[in-house]
Protein chains: 2
Amino acid sequence: MTSKPTKAAVARKSGAKGSVQDEAPASNRAARAAERRAAIIEAALEEFIARGFAATRLDDIAKRAGVAKGTIYLHFKDKESMFEELVRLVIVPVVERLTKLPPPAGSVRDLVEAFASTFLREVANTRRGDLVRLIVAEGPRFPAVADFYYREVVQRGIGGMRMLIELGIARGEIREKGLAKFPQILVAPVLISVIWQSLFERHAPLDAQAMLRVHLDLIFGERRTT
Amino acid sequence: MTSKPTKAAVARKSGAKGSVQDEAPASNRAARAAERRAAIIEAALEEFIARGFAATRLDDIAKRAGVAKGTIYLHFKDKESMFEELVRLVIVPVVERLTKLPPPAGSVRDLVEAFASTFLREVANTRRGDLVRLIVAEGPRFPAVADFYYREVVQRGIGGMRMLIELGIARGEIREKGLAKFPQILVAPVLISVIWQSLFERHAPLDAQAMLRVHLDLIFGERRTT
DNA sequence: ACTTTATGACTGACCGGTCAGTCATAGTCA
DNA sequence: TGACTATGACTGACCGGTCAGTCATAAAGT
């Protein structure tokens, strides 16, 4: 195919930030469109996280994505629905990964620990973590986002945790019966980690994994040193 | 939106929101100025919490405070420093109340429980709680706010909790030694409550007090039935 | 009278959203 | 295969509304 640099390609390449690395030959139209869409989503996520919804400029998103502003409107109705769709687009795959993760084996504690560790690795220390903070920040102003997040993430998560806790109680691994009524307690330190990192990392970094271990010791009793 | 039939004088006399109660003749100048300043602060807090920093309009703050826009600029340099000062003004008295609260008596658990209950009552279920969410939301964009909050609230809070935990360990009330390294765990459920309420109250209200009790049972062992 | 405080109309930068025009590519035909 | 046309993805100048901040004027206080 043409190795001649197209105008668009040049613009994209010179479009700073280096966030999107040199991509494929940009074969057919549909593929290019998908690429651009992806670039817009990536750029928008970055900007929204950095500035919040209201303070984010569509011009900046466009520039970062190496695209003209008008192009954004070929993919999204307006700023608001773009934001809402964005949240869905980022969260759905994460939820999918996490829901079909645990092959039931070993003790409840191992299960919980494996699960939480995965979460910490995949979410807490990536941009996903900032997304959580973003949702906390913008949720009240975007009921649609809050609803979606509650339905897809919180409700499921709480439900799953409750099942694990009940299993743990039945097996005698967990002593505190009341925990089944508040699975939030199980999750709390993980969430705190996420928020802590994005606010106070530079003041005092927090070893989330270690904290998690202490917290699980609290719930399951002192860990036998395997 | 705010539809206010407003002449400033009328608004002031009728005590617009009922938040500022009808006060004395307000004879001297300083007193009136202080009043107006307080009204502005109150109004600004409300608006910032409801809309976030960027989306809040100074016109709305002025209207809510029953004051002309220009008046705001007699008290604050600009929107940004107003926001920062606001956070300080609201947080300082709360910190003061909490720091000189506990007259050391009884078990560590009682101390912690009393402290946390006070916090829940005074913060979680008031506008102060939303302020916490606001700080989480805007912190990254206002380093000054994040710094202040870390220094005045988080650092002190963590320090205090650590002392309590160490006391608890020394007295044998707390078994898990690792907790002293992560006082965040002690506080986590309280913070989660605050966030939960402001995001998901309408989906599923959360009994923060009950959750706190379960959490403390986890840390101090089953509660002795007094 | 004169100083201090308050007002709100006004300004100008800024930004979300639009749309007429461009041009690389896909499709068609010989 | 090469030439010509049709398509629609993409562009970016532009528009109109919005809003932080200003300042000439008015009111209040002494």
Side-chain angles (χ1 to χ4, degrees), chain A residues 1-15 24-40 43-44 47-48 51-84 86, chain B residues 1-2 4-13 16 25-40 43-44 47-48 51-86:
Chain A
M1 288 297 167
T2 51
S3 60
K4 173 168 66 171
T6 64
K7 201 176 167 209
V10 170
R12 211 178 320 136
K13 190 150 287 182
S14 68
S27 48
N28 67 28
R29 293 241 285 237
R32 305 231 341 178
E35 248 170 52
R36 292 187 120 94
R37 191 186 157 87
I40 292 170
E47 292 289 327
F48 279 133
R51 301 203 205 298
F53 176 80
T56 291
R57 285 168 299 229
L58 284 246
D59 284 307
D60 288 349
I61 294 177
K63 193 184 282 185
R64 187 188 277 261
V67 145
K69 185 154 57 143
T71 306
I72 293 174
Y73 287 87
L74 300 175
H75 293 276
F76 300 95
K77 182 171 150 287
D78 58 15
K79 194 186 180 187
E80 195 167 314
S81 55
M82 180 187 183
F83 177 70
E84 295 181 3
L86 200 71
Chain B
M1 294 294 175
T2 43
K4 264 318 167 65
T6 178
K7 266 287 91 145
V10 172
R12 210 179 319 136
K13 188 142 283 183
S27 49
N28 73 31
R29 249 140 90 148
R32 308 238 332 179
E35 246 170 52
R36 289 181 122 83
R37 193 186 156 84
I40 292 170
E47 292 288 329
F48 279 134
R51 305 203 205 297
F53 177 80
T56 291
R57 285 167 299 229
L58 283 251
D59 286 303
D60 287 350
I61 294 176
K63 193 182 281 187
R64 186 187 278 261
V67 144
K69 185 156 57 150
T71 306
I72 292 174
Y73 286 87
L74 299 176
H75 294 275
F76 301 95
K77 184 172 148 285
D78 58 14
K79 192 185 179 187
E80 196 167 314
S81 55
M82 179 185 183
F83 177 71
E84 294 179 5
E85 198 169 334
L86 200 71

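Numbers restart at 1 for each chain; the letters A, B, ... are given by sequence-line order, proteins then strands. It should be emphasised that the depicted structure is a prediction, and the values quoted were computed from it without experimental measurement.
Between the CZ atom of A:Phe48 and the P atom of C:dC15 there is a distance of 14 Å, given to the nearest Å. Note: CD1 (B:Ile72) to P (C:dG8) measures 12 Å, nearest angstrom. The NZ-P distance, from B:Lys77 to D:dA20, rounds to 15 Å in whole Å. In this structure, B:Ile61 atom CD1 and C:dT7 atom P are separated by 15 Å, rounded to whole Å. The CG-C1' distance, from B:Asp59 to D:dA20, rounds to 9 Å in whole Å. Atom-to-atom, CG of B:Asp78 to C1' of D:dT22 comes out at 13 Å; the value is rounded to the nearest Å. The CZ-C1' distance, from B:Arg37 to C:dT5, rounds to 15 Å in whole Å. Summarising the geometry, the separation between CZ on A:Arg51 and C1' on C:dC14 is reported as 14 Å, rounded to the nearest angstrom.
Closest to the side chain of B:Arg57, out of C:dG17, D:dC19, C:dT7, is D:dC19. In the set C:dT7, C:dG17, D:dC10, the nucleotide with an atom closest to the side chain of A:His75 is D:dC10. Checked against C:dG16, D:dG21, C:dT7, the side chain of A:Leu58 finds its nearest nucleotide in C:dG16.
Judged as a ring-ring contact (aromatic ring centres under 6.0 Å, His included), the pairs with a partner in residues 52-80 of chain B (not counting sequence neighbours) are, in order, B:Phe48-B:Phe53, B:Phe53-B:Phe83, B:Phe53-B:Phe142.
Within the 4.0 Å cut-off from OP1 or OP2 of D:dA28, not a single side-chain nitrogen or oxygen of B:Arg36 is found. Taking side-chain N and O atoms only, B:Arg32 has no distance below 4.0 Å to OP1 or OP2 of C:dT5.
The main-chain N or O of B:Ser81 is found under 3.5 Å from a side-chain atom of B:Asp78 such that the two form a donor-acceptor pair.
Residue A:Ala55 is the one, among A:Ala55 and A:Thr71, whose nearest nucleotide of DNA chain C lies closer to the 5' end (criterion: closest heavy atom).
For the pair A:Arg57/A:Arg51, a side-chain contact is recorded, criterion being any heavy-atom separation below 4.5 Å from C-beta on. Contact annotation: the side chain of A:Leu74 never approaches that of A:Arg36 to less than 4.5 Å [non-hydrogen atoms, C-beta and beyond].
On a pure distance criterion of 3.5 Å, no polar donor-acceptor pair joins the side chain of A:Lys79 and the base of C:dG17.
B:Ala43 and B:Ile61 get closest at one heavy-atom pair: CB-O, 3.7 Å.
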Could you pull out the protein-nucleic contacts involving nucleotides 23-26 of chain D (nitrogen or oxygen on both sides, under 3.5 Å)?
none

